[in-house]
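Everything on this sheet refers to the single structure shown next.
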Protein chains: 2
Amino acid sequence: MVGKRRAEMMEETRAKLVRAARKAFAEQGYAAASMDELTATVGLTRGALYHNFGDKRGLLLAVVNQIDGEMAAQARAVGARAGNAWEGLLAEGIAYIEMALEPEVQRIVLLDGPAFLGDPSLWPSQNNCLQETRRTVERLVAQGIVKPVDPEAAARLLNGAALNAALWVAASPNPQEVLAKAVEAFRCLAGGLLKP
Amino acid sequence: MVGKRRAEMMEETRAKLVRAARKAFAEQGYAAASMDELTATVGLTRGALYHNFGDKRGLLLAVVNQIDGEMAAQARAVGARAGNAWEGLLAEGIAYIEMALEPEVQRIVLLDGPAFLGDPSLWPSQNNCLQETRRTVERLVAQGIVKPVDPEAAARLLNGAALNAALWVAASPNPQEVLAKAVEAFRCLAGGLLKP
DNA sequence: GCCATCACATACGCACCGTACGCGAAACGG
DNA sequence: CCGTTTCGCGTACGGTGCGTATGTGATGGC
């Protein structure tokens, strides 16, 4: 600890707060999470919070951006692993459904994020995972595999469908069975984009 | 006012509070809306609120149920007006997109509702507008028009896609143009449910 | 016409957020 | 090497809002 520069220390403080926030927001929800408790769990006070993130929303923003980035990376990896471009799009969508089962993703990014930060497209992160899907759709349109739809619109609807599917699966008593149904229905819907 | 019975009076105060809540929640969001202000605008105090709805969430629940019911009725009406069952499903979905442009629907039912009340399927209203879509899908499956998918799953994904489309449209600078794209993409996706 | 009920108002305590200010250590210039 | 400035963070304060406990006046049965 002693050998570190100020910038490193500050970055470490930010990281600690973000880590604690991911836990607290996921478990209690953004509104119910107390900043006094949150900061205390990592040996700090609210002073550090307001100095680093401006306010409570600023911390939520930082957390959302971090998780969003992780999701986009995961989606990209899954898509790249697929046999062809079309299977890649399906794999990405299904990956979103499965990722959204994680409490951190569901609670923070899908529920509290839009409610307290507004529409995802307005986020500074520009919603990486949505952009990822959009680019995939663009490629498929260019290759003539899918109908010439607006890529942004298609990406929006696909992500929206996936997100809602995940909420459904998470709330169900037997997630495994419901997940299978959701994935099946998703494949079905997405097929509507394919050229005849 | 004098000639009314107690039950009528109580129903009237409930209605007044719900009306005020629709306005306040839609304009400021659930979290930011002050119950002191809200009740004062209709000449009451928080006492009336906690007596009639238990707590702040109870009021949100009542508001959500009311709007949800209106949405389901609207969807049913639009669906019935369509030429055939398949066009009815499309019309319902598009109607959801357009309804979700209303701030009361978007802010209260789509953003704050899930965030503060949990998954819509857990709401006491049983999410009427989702049930409406599910029944429509069931009919289409029975008639052999759409593939034998799980009706609940299909309804979930369709509604999710519509909701996300609406958020996108509402946040865009030129809603008219974007709405057209969203509707087009929705028709496309929904087509994936049709039997070949 | 008395009394129980009840819808709603009033009053209180508590939690929490945001801000202004204080402090001590690190960075910096000479 | 030392004085000074910077700055990351802690501390203290005020304001606001929720939930609950208690009071009250009108209503409706008997």
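Within every chain, numbering begins at 1; the chains are lettered A, B, ... in the order of the sequence lines, protein sequences first and strands thereafter. Please read all numbers here as calculations on a predicted model, not as lab measurements.
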### Query
Under 4.0 Å between a Lys/Arg side-chain N and an Asp/Glu carboxylate O for A:D150 and A:R156?
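No salt bridge links A:D150 with A:R156.
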
### Message
Is it the case that over 12 heavy atoms from other parts of the model lie below 6.0 angstrom from the CD atom of B:E102?
### Response
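Incorrect, the count does not exceed 12.
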
### Message
Does atom NZ (B:K23) have a neighbourhood of more than 12 heavy atoms from anything else shown, all under 6.0 Å?
### Response
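It does not: B:K23 NZ has 12 such atoms or fewer within range.
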
### Query
Does B:E104 offer a backbone N or O that forms a donor-acceptor pair with the side chain of B:R22 under 3.5 Å?
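No, B:R22 side chain to B:E104 backbone: no donor-acceptor pair under 3.5 Å.
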
### Query
Within the distance-only criterion (no hydrogens, no angle test), does the side chain of A:D112 pair as donor or acceptor with the backbone N or O of A:Y30 below 3.5 angstrom?
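Pair found, side chain donor or acceptor close to backbone of A:Y30.
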
### Task
Look at the side chain of B:R46 against the base of D:dG19 and say whether a donor-acceptor pair falls under 3.5 Å; ignore hydrogens and angles.
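When only heavy-atom distances are counted, B:R46 does reach the base of D:dG19 through a donor-acceptor pair under 3.5 Å.
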
Write down the distance between [atom1] ([X]) and [atom2] ([N]), rounded to a whole number of angstrom.
| X | N | atom1 | atom2 | result |
| --- | --- | --- | --- | --- |
| A:L49 | D:dT11 | CG | C1' | 15 Å |
| B:E11 | C:dC6 | CD | P | 17 Å |
| B:M9 | D:dT27 | CE | P | 8 Å |
| B:Y50 | C:dC12 | OH | P | 18 Å |
| A:M10 | D:dT6 | CE | C1' | 13 Å |
| A:L44 | D:dG8 | CG | P | 14 Å |

### Message
Using a strict heavy-atom distance below 4.0 Å, which residues from residues 51-60 of chain B are in contact with DNA chain D?
### Response
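DNA chain D contact set from residues 51-60 of chain B: B:D55, B:K56.
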
### Task
Compare the minimum distances between each of C:dC8, C:dA26, D:dT20 and the side chain of A:R6, then state the nucleotide with the smallest one.
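My answer, after comparing the listed nucleotides, is C:dA26.
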
### Query
Which of residues 18-38 of chain A sit near DNA chain C, with a heavy atom under 4.0 Å from it?
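DNA chain C contact set from residues 18-38 of chain A: A:A33, A:S34, A:M35.
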
### Task
Would you indicate, yes or no, if C:dC8 has its OP1 or OP2 atom less than 4.0 angstrom from a side-chain nitrogen or oxygen of B:T13?
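So the side chain of B:T13 is within the cut-off, an N or O lying under 4.0 Å from OP1 or OP2 of C:dC8.
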
Do the side chains of [Y] and [X] get nearer than 4.5 Å, heavy atoms only?
| X | Y | value |
| --- | --- | --- |
| A:R187 | A:V183 | yes |
| A:L130 | A:E152 | yes |
| B:W86 | B:L140 | yes |

### Query
Do A:D36 and A:S34 meet the criterion of a side-chain donor-acceptor pair at a distance under 3.5 Å?
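Judged by distance alone, the side chains do not pair up.
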
